[in-house]
Amino acid sequence: MESLRCEFSVPFAYDVVFGEDVFAGGVIDRITSGGQRVIVAEGAVMPLMRGIPDVVVMDGGEAAKRDSAVFDRCVELFEDLRLDRHAYVVIVGGGAFLDAVGFAASVVHRGIRQIRVPTTVLSQCDGGVGVKNGIDAFGQKNFLGTFAPPWAVVNDWKFLETLPDAVFRDGFAEAVKVGLIRDGAFFEWIEAHADALAARDKAAAQNAIHRCAELHLNQIAKGGDPFERGSARPLDFGHWAAHKLEVLSNFRLSHGSAVAIGMVLDTLYAERVGIAPQGTVTRVRSCLERLGFELCAGFDVHPESLLKGLQEFREHLGGRLAITLLTGIGQAVEVSEIDLAEMTRCMTEVLAHNTHPCSRA
Ligand SMILES: NC(=O)c1ccc[n+]([C@@H]2O[C@H](COP(=O)([O-])OP(=O)(O)OC[C@H]3O[C@@H](n4cnc5c(N)ncnc54)[C@H](O)[C@@H]3O)[C@@H](O)[C@H]2O)c1
Ligand SMILES: [Zn+2]
């Protein structure tokens with residue numbers, strides 16, 4: 001047998017810029033100067049886009065990626081505008097909108113340059129600064145999607161001011177998450193500033209977003225697997241249960257709230273099987289509660305249906321099961337086996353929402 005080998009690597013680099021009033025301030029014009037461009041924004045951010053010409057507005061929120069309507073509209077739009085591969089698509093919106101429009105930009109002409117302007121805390125510190133996009137299909141989250149590093153990301157504080165409290169808070173679940181698995185000092189900082197963060201203190205929120213984004217970018221740039229070819233999903237702590245809870249709640253439970261519950265569940269489990277020291281779950285729970293998270297689903301969750309989330313999590317990634325568990329504050333380990341009986345006991349304990357007051361019930 002004879003073979004020809006083709007081997008190459010492609011360097012990627014992009015900046016995540018932090019600013020305020022970036023459209024009026026000319027930041028976007030500078031990044032896109034000399035190129036064809038289109039700005040696509042979700043309706044919720046339009047009050048902050050007054051005076052910006054030629055903005056194409058579409059519906060945002062989770063519905064934007066639930067089916068292919070926004071994706072299809074973007075593909076048609078890019079064709080109508082005769083955008084080429086060197087054009088810039090400036091996407092302004094929450095994580096769901098960035099995912100749907102970014103997916104369209106990444107497949108038209110096999111990829112147009114995308115500039116993301118995330119407008120929620122969660123997207124500014126997590127999804128919006130990363131390399132993934134996609135839409136749901138066949139009832140599965142992110143069934144269709146691509147890995148497509150952005151041309152640039154611009155985090156504008158101004159957009160966060162119009163967020164409802166619950167949406168604002170959601171992003172801090174991801175900050176707690178990266179602190180817990182990667183940076184104990186950051187988690188301790190969040191604990192010390194939980195009241196300020198809950199009160200939307202600007203300096204505290206900006207610091208949390210900055211560090212959370214930095215830790216996510218470190219994982220992409222230095223984690224050795226930016227396009228997730230292996231089985232590991234090291235930043236998905238608390239996420240297997242979260243994804244399933246979101247679906248089971250018919251998306252009434254937001255991603256951040258679901259992640260908060262998922263982290264408590266997996267931390268309790270880690271404590272019970274002796275991986276995490278006693279007292280860890282109390283600390284995690286109390287930090288999340290002080291940030292304002294309600295650690296209840298608001299509906300009856302059957303352990304068997306939630307457990308299916310483990311299987312689905314593995315299927316989405318391929319390979320063997322890889323669940324991230326805390327070994328302490330700021331340290332995590334990956335396990336490939338879960339004691340289902342113990343996990344079921346932990347679920348019953350965490351999700352017995354009649355033991356907590358729950359406004360979602
Ligand atoms: N690509 C990734 O790597 C990645 C990572 C994490 C999460 N995600 C995805 O991101 C989505 C969640 O993102 P999200 O938390 O930003 O939620 P979201 O996009 O659904 O936005 C939350 C709500 O806030 C509204 N909104 C957005 N900006 C606003 C503003 N400035 N003022 C007022 N309202 C505004 C939206 O219309 C929506 O109703 C999920 O679909 C998740 O799968 C993707
Ligand atoms: Zn998440």
Side-chain angles (χ1 to χ4, degrees), residues 22-23 41-49 57-67 70 91-103 105-106 114 116-136 140-150 153 155-178 180-181 200 209 212-213 215-217 219-220 226-228 233-243 245-247 251-263 313 316 324:
V22 297
F23 281 95
E42 69 161 274
V45 305
M46 287 315 287
L48 295 149
M49 297 287 285
V57 188
M58 298 182 194
D59 289 338
E62 207 55 48
K65 58 182 285 193
R66 200 80 56 76
D67 60 29
V70 167
I91 316 169
V92 192
F97 192 71
L98 295 172
D99 272 0
V101 182
F103 179 40
S106 78
Q114 48 175 300
R116 302 210 199 141
V117 184
T119 62
T120 61
V121 173
L122 191 135
S123 55
Q124 288 196 0
C125 83
D126 183 334
V129 303
V131 298
K132 292 185 279 185
N133 51 53
I135 59 174
D136 308 343
Q140 296 174 55
K141 273 206 88 171
N142 305 318
F143 186 79
L144 300 173
T146 57
F147 287 98
V153 181
N155 276 349
D156 184 338
W157 169 263
K158 210 75 204 156
F159 285 109
L160 306 184
E161 288 176 354
T162 57
L163 290 174
D165 283 342
V167 179
F168 194 93
R169 176 189 309 127
D170 249 26
F172 296 139
E174 306 287 0
V176 167
K177 175 201 74 181
V178 270
L180 282 173
I181 58 179
R200 300 175 68 144
I209 292 167
C212 176
L215 288 163
H216 278 94
L217 292 172
Q219 180 64 38
I220 294 167
F227 296 159
E228 298 172 8
R233 280 278 286 276
L235 291 188
D236 275 355
F237 172 50
H239 276 57
W240 72 266
H243 287 313
L245 283 169
E246 284 176 78
V247 173
F251 292 97
R252 276 189 306 125
L253 203 56
S254 69
H255 183 66
S257 305
V259 170
I261 298 170
M263 291 191 292
F313 192 71
H316 184 66
T324 302

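Every number for a ligand or one of its atoms is a count from 1 in the order of the listing.
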> Side-chain contact, heavy-atom cut-off 4.5 Å: L160 with T119?
Replying inline: no

>> Whether the side chain of E42 engages the backbone of M58 through a donor-acceptor N/O pair (distance < 3.5 Å, no angle test) should be reported.
In response: no

> Hey, is L163 one of the residues with a heavy atom under 4.0 angstrom from ligand 1?
Replying inline: yes

> Hey, which protein N/O/S atoms does the Zn ion (ligand 2) have under 2.8 Å?
Replying inline: E174 OE2, H239 NE2, H255 NE2

>> Looking only at protein heavy atoms, which one is nearest to atom 11 (C) of ligand 1, and what is the separation?
In response: A96 N, 3.4 Å

> Tell me, do F143 and D136 make a side-chain contact under 4.5 Å, heavy atoms counted?
Replying inline: no

> Among E161, E246, E228, E62, which residue places a heavy atom closest to atom 41 (O) of ligand 1?
Replying inline: E62

>> Assess the residue pair H239 and R233 against the criterion (side-chain contact (heavy atoms from CB on, under 4.5 Å)); give the C-alpha distance rounded to whole Å, side-chain angles, the decisive distance to 0.1 Å, and a yes or no.
In response: CA-CA 10 Å; H239 276 57; R233 280 278 286 276; over 6 Å; no

>> Looking only at distances, can you tell me whether any N or O atom of N142, backbone or side chain, sits closer than 3.5 Å to an N or O atom of ligand 1?
In response: no

>> Can you report which non-hydrogen protein atom sits closest to atom 4 (C) of ligand 1, along with the distance?
In response: G127 CA, 3.4 Å

>> Quiz question: by atom type and distance under 3.5 Å, do the side chains of N133 and T146 form a donor-acceptor pair?
In response: yes

> Does R116 use its side chain to pair, donor to acceptor, with the backbone of V153 at less than 3.5 Å?
Replying inline: no

> With a 4.0 Å cut-off on heavy atoms, is K65 touching ligand 1?
Replying inline: yes

> So which heavy atom in the protein is nearest atom 42 (C) of ligand 1, and how far is it from that ligand atom?
Replying inline: K141 NZ, 3.6 Å

> Only one of V45, L48, V101 forms a side-chain contact (heavy atoms from CB on, under 4.5 Å) with V92, so which one is it?
Replying inline: V45

>> Just by distance, no angles: are the side chains of K65 and N142 close enough, under 3.5 Å, to form a donor-acceptor pair?
In response: yes

> Which heavy atom of the protein is the closest neighbour of atom 38 (C) of ligand 1, given with residue, atom name and distance?
Replying inline: G61 CA, 3.8 Å

> Going by distance only, is there an N or O of L48 that falls short of 3.5 Å from an N or O of ligand 1?
Replying inline: no

>> Return the closest protein heavy atom for atom 7 (C) of ligand 1 as residue, atom name and distance.
In response: L122 CD2, 4.0 Å

> Is P118 close to N155 at the side-chain level, that is, under 4.5 Å between some pair of heavy atoms?
Replying inline: yes

> Should Q124 and V129 be marked as a side-chain contact (heavy atoms from CB on, under 4.5 Å) after you check the CA-CA gap, both sets of side-chain angles, and the distance that decides it?
Replying inline: CA-CA 6 Å; Q124 288 196 0; V129 303; 5.7 Å; no

>> Within the structure provided, determine whether T324 and D236 are in side-chain contact (heavy-atom separation under 4.5 Å).
In response: no

>> Looking at non-hydrogen atoms alone, which of A242, A44, G171, A41 comes nearest to atom 26 (N) of ligand 1?
In response: A44

> Hey, which atoms in ligand 1 end up nearer than 4.0 Å to a heavy atom of D126?
Replying inline: 5 (C), 6 (C)

>> I need the contact type for D99 against ligand 1. Using non-hydrogen atoms and a strict under-4.0 Å cut-off, is it side chain, backbone, both or neither?
In response: side chain

> Is the closest basic N to carboxylate O distance between K141 and E246 below 4.0 Å?
Replying inline: yes

> Under a 4.0 Å heavy-atom limit, does E174 contact ligand 1 with its side chain, its backbone, both, or neither?
Replying inline: neither

>> Under a 4.0 angstrom heavy-atom cut-off, which atoms of ligand 1 come close to T120?
In response: 14 (P), 16 (O), 21 (O), 27 (C), 28 (N)

> Could R252 and E62 be called an ion pair, given the rule that one side-chain N must be under 4.0 Å from one carboxylate O?
Replying inline: no

> Which is it for D99 and I135 under the side-chain contact (heavy atoms from CB on, under 4.5 Å) test, yes or no, and what are the steps along the way?
Replying inline: CA-CA 7 Å; D99 272 0; I135 59 174; 6.0 Å; no

> In the protein, which heavy atom is nearest to atom 17 (O) of ligand 1, and how far is it?
Replying inline: G95 N, 4.2 Å

Quick one: side chains of residues 170-178, donor-acceptor pairs under 3.5 Å with protein atoms, not counting sequence neighbours, listed by atom name and distance.
| from | atom 1 | to | atom 2 | distance (Å) |
| --- | --- | --- | --- | --- |
| D170 | OD1 | S254 | OG | 2.9 |
| D170 | OD1 | S257 | N | 3.4 |
| D170 | OD2 | S254 | OG | 2.8 |
| D170 | OD2 | G256 | N | 3.1 |
| E174 | OE1 | K177 | NZ | 2.9 |
| E174 | OE2 | H255 | NE2 | 3.0 |
| K177 | NZ | D126 | OD2 | 3.4 |
| K177 | NZ | H216 | NE2 | 3.1 |
| K177 | NZ | L235 | O | 3.0 |

>> I need the nearest protein heavy-atom contact for atom 36 (C) of ligand 1: residue, atom name and distance, please.
In response: E42 OE1, 3.2 Å

>> Test of understanding: given a 4.0 Å heavy-atom threshold, classify the contact between T119 and ligand 1 as side chain, backbone, both, or neither.
In response: both

> Backbone, side chain, both or neither: what part of K132 comes under 4.0 angstrom of ligand 1, heavy atoms only?
Replying inline: both

> Who's the nearest protein heavy-atom neighbour of atom 22 (C) of ligand 1, and how far?
Replying inline: V167 CG1, 3.8 Å

> What do we get for T162 next to ligand 1 when only non-hydrogen atoms under 4.0 Å count, side chain, backbone, both or neither?
Replying inline: both

> Can you tell if the side chain of V117 reaches within under 4.5 Å of the side chain of F159, non-hydrogen atoms only?
Replying inline: yes

